[in-house]
Amino acid sequence: MSAFSEKDFDAKSYSSSRPSYPDEFYRVIDEYHVGARNRLIDVGCGPGVATFQLADKLKPFNQIFGTDISNTMVERARGRKRENFEKYEGVNFEVSPADDFSFLKGPDNKCDMVTAVQCVHWLDFDSFQKSVAAVLREGGTFVIWGYADPIFPEYPKLDALLDDFSYGPDHLGPYWESGRQILRNLLRDLHLNTELFTDFQEACFNIDYIRSNQTDPLLIKRTITLAQFQDYLKTWSAFHSWKKSHSQERDITEGFVDRVQQLYPHLTKRSKFQVVWKSFYKLCRKL
């Protein structure tokens, strides 16, 4: 996660290149949540991709906070709020670790929903759950979701190519931080605490599911050009770390594009194709 906190990390490119989340999944959250909608906290918010979608897609909350340990990311989110102030007047952003809710001042420091999108693999999950349980009201909703490695439904040979580029020892494999393996496994090894939460709903959507059944509520997909996919690769923390130690070398993502075009010579950087990400979610309520 440290790469995202560095001052030279390109938060603008991150915002434009990362996928967003389908409306259907926000309907799942809306239907699951019961009770008051006074305050929602979106931890690990990055540049606010999910935070603004929560404001747009859910039935209204009086207050929404996005928090992130990266000042670079939070400033990007605050900039977007300034551009749409009237629409997002009730949305605020704080520089704060995911398990620190001390920015809530006054006696009313409880919230009705906590969301953690594409960030839990970086956290001490047991400690994080305890912090969330402490800030949630009884019956409040805790939602975790995210995505991992993408696949290419129309070009199946690219799946293995991307896996080698992502995790091969001669490519980006050595440059991931430790949490990546947890994410790669779709958080299957992280278990919600039954002493703190109840009413669990969990799902993972892997390659086999995606190829056979594209009807899940968290189907994250985009039709993009090869050049845009290359831009997405450059938002990875592993690429950021690779670049720091290979600043004089040819961009490693150019090598990936070369290999794509060797497998499928008709693809150019302007060619469009569909990308679908493996995904997961966990929902529960505070006991």
Side-chain angles (χ1 to χ4, degrees), residues 1 21-22 24-45 50-51 53-54 57-59 61 63-69 96-104 108-148 177-206 208-209 213 215-220 277-287:
M1 188 177 183
Y21 309 104
E24 177 59 28
F25 185 65
Y26 291 103
R27 287 192 285 270
V28 169
I29 298 173
D30 256 337
E31 292 172 2
Y32 182 87
H33 183 73
V34 294
R37 291 173 179 258
N38 294 316
R39 179 182 291 147
L40 183 158
I41 301 175
D42 178 35
V43 304
C45 67
T51 318
Q53 281 196 307
L54 288 160
K57 307 296 184 182
L58 292 186
K59 295 175 184 176
F61 280 76
Q63 280 186 316
I64 294 179
F65 285 95
T67 71
D68 201 281
I69 199 170
S96 177
D99 60 353
D100 184 353
F101 300 96
S102 61
F103 61 89
L104 297 174
D108 180 19
N109 61 356
K110 294 291 184 180
C111 65
D112 302 293
M113 183 182 293
V114 172
T115 60
V117 188
Q118 199 65 7
C119 65
V120 168
H121 54 291
W122 301 118
L123 309 177
D124 179 332
F125 193 50
D126 290 336
S127 175
F128 176 54
Q129 289 188 79
K130 292 174 183 176
S131 297
V132 170
V135 79
L136 270 177
R137 64 162 170 83
E138 182 178 341
T141 299
F142 181 28
V143 192
I144 295 167
W145 79 90
Y147 57 89
E177 296 172 275
S178 59
R180 183 66 188 191
Q181 187 57 39
I182 297 171
L183 179 64
R184 192 180 182 189
N185 199 35
L186 304 179
L187 272 61
R188 291 184 181 92
D189 297 327
L190 298 186
H191 304 291
L192 292 162
N193 189 330
T194 57
E195 295 181 358
L196 300 174
F197 303 102
T198 188
D199 297 340
F200 304 102
Q201 292 185 17
E202 302 187 49
C204 293
F205 307 105
N206 59 20
D208 292 338
Y209 185 94
N213 182 354
T215 60
D216 68 81
L218 191 51
L219 182 63
I220 301 172
W277 282 263
K278 291 178 280 187
S279 60
F280 59 88
Y281 66 79
K282 301 175 185 286
L283 296 95
C284 60
R285 294 189 178 94
K286 163 72 182 300
L287 278 170

With a 4.5 Å limit on heavy-atom distance, are the side chains of [X] and [Y] in contact?
X: Thr115; Y: Ile29; answer: no
X: Tyr21; Y: Tyr147; answer: yes
X: Gln53; Y: Asp42; answer: no
X: Leu104; Y: Ile41; answer: yes
X: Cys45; Y: Thr67; answer: no

Contacts of [X] that satisfy side chain to side chain donor-acceptor pair (under 3.5 Å) - sequence neighbours left out:
X: Asn185; answer: Arg188, Asp189
X: Glu24; answer: Arg27
X: Arg39; answer: Gln63
X: His33; answer: Thr141

Closest contact, heavy atoms only, [X] versus [Y]:
X: Trp145; Y: Ala50; value: CZ2-CB, 4.2 Å
X: Pro22; Y: Pro217; value: CG-O, 3.3 Å
X: Cys119; Y: Gly44; value: SG-CA, 4.0 Å

Approximate separation, where rounding is to 0.5 Å, of Glu177 CD and Trp122 CH2: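 The distance works out to 4.5 Å.
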Interatomic distance, Arg37 atom CZ to Ile64 atom CD1 [nearest 0.5 angstrom]: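 Between atom CZ of Arg37 and atom CD1 of Ile64 there are 10.0 Å.
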Under the ring-ring contact (aromatic ring centres under 6.0 Å, His included) test, residues paired with Phe200 that sit two or more places apart: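 Here no residue qualifies.
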ring-ring contact (aromatic ring centres under 6.0 Å, His included) partners of Phe125, counting only residues at least two apart: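 Counting only residues at least two positions away or on another chain, Phe125 forms no ring-ring contact (aromatic ring centres under 6.0 Å, His included).
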Lys57 and Asp30: CA distance, side-chain angles, deciding distance, side chain to side chain contact (heavy atoms under 4.5 Å, CB included) verdict: CA-CA 9 Å; Lys57 307 296 184 182; Asp30 256 337; over 6 Å; no
Sequence neighbours excluded, every pair satisfying salt bridge (Lys or Arg N to Asp or Glu O under 4.0 Å) that has a member inside residues 110-126: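 Counting only pairs at least two positions apart or across chains, the salt bridge (Lys or Arg N to Asp or Glu O under 4.0 Å) contacts touching residues 110-126 are Asp112-Arg137.
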Test side chain to side chain contact (heavy atoms under 4.5 Å, CB included) applied to Leu58 and Leu40, step by step: CA-CA 11 Å; Leu58 292 186; Leu40 183 158; 3.8 Å; yes
For residues 277-287, run the donor-acceptor check on the side chains, cut-off 3.5 Å, and write out each pair with its distance to 0.1 Å, sequence neighbours left out.
{"from": "Trp277", "atom 1": "NE1", "to": "Tyr232", "atom 2": "OH", "distance (Å)": "2.9"}
{"from": "Ser279", "atom 1": "OG", "to": "Leu218", "atom 2": "O", "distance (Å)": "2.9"}
{"from": "Lys282", "atom 1": "NZ", "to": "Leu187", "atom 2": "O", "distance (Å)": "3.3"}
{"from": "Lys282", "atom 1": "NZ", "to": "Leu190", "atom 2": "O", "distance (Å)": "3.1"}
{"from": "Lys282", "atom 1": "NZ", "to": "Glu202", "atom 2": "OE1", "distance (Å)": "2.8"}
{"from": "Arg285", "atom 1": "NH1", "to": "Asp199", "atom 2": "OD2", "distance (Å)": "3.0"}
{"from": "Arg285", "atom 1": "NH2", "to": "Tyr32", "atom 2": "O", "distance (Å)": "2.3"}
{"from": "Lys286", "atom 1": "NZ", "to": "Ala133", "atom 2": "O", "distance (Å)": "2.8"}
{"from": "Lys286", "atom 1": "NZ", "to": "Leu136", "atom 2": "O", "distance (Å)": "3.3"}

Side chain to side chain contact (heavy atoms under 4.5 Å, CB included) partners for Asp100, two or more places apart: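 Once residues adjacent in sequence are excluded, the partners of Asp100 under the side chain to side chain contact (heavy atoms under 4.5 Å, CB included) criterion are Ser96, Pro97, Ser102.
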Any residue meeting side chain to side chain contact (heavy atoms under 4.5 Å, CB included) with Ala98, in chain and number order, not counting sequence neighbours: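 With sequence neighbours excluded, Ala98 shows a side chain to side chain contact (heavy atoms under 4.5 Å, CB included) to Val43, Leu123, Phe128, given in chain and number order.
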Derivation of the side chain to side chain contact (heavy atoms under 4.5 Å, CB included) call for Phe197 and Gln129: CA-CA 9 Å; Phe197 303 102; Gln129 289 188 79; 3.8 Å; yes
Stepwise side chain to side chain contact (heavy atoms under 4.5 Å, CB included) test for Phe142 and Leu196: CA-CA 11 Å; Phe142 181 28; Leu196 300 174; over 6 Å; no
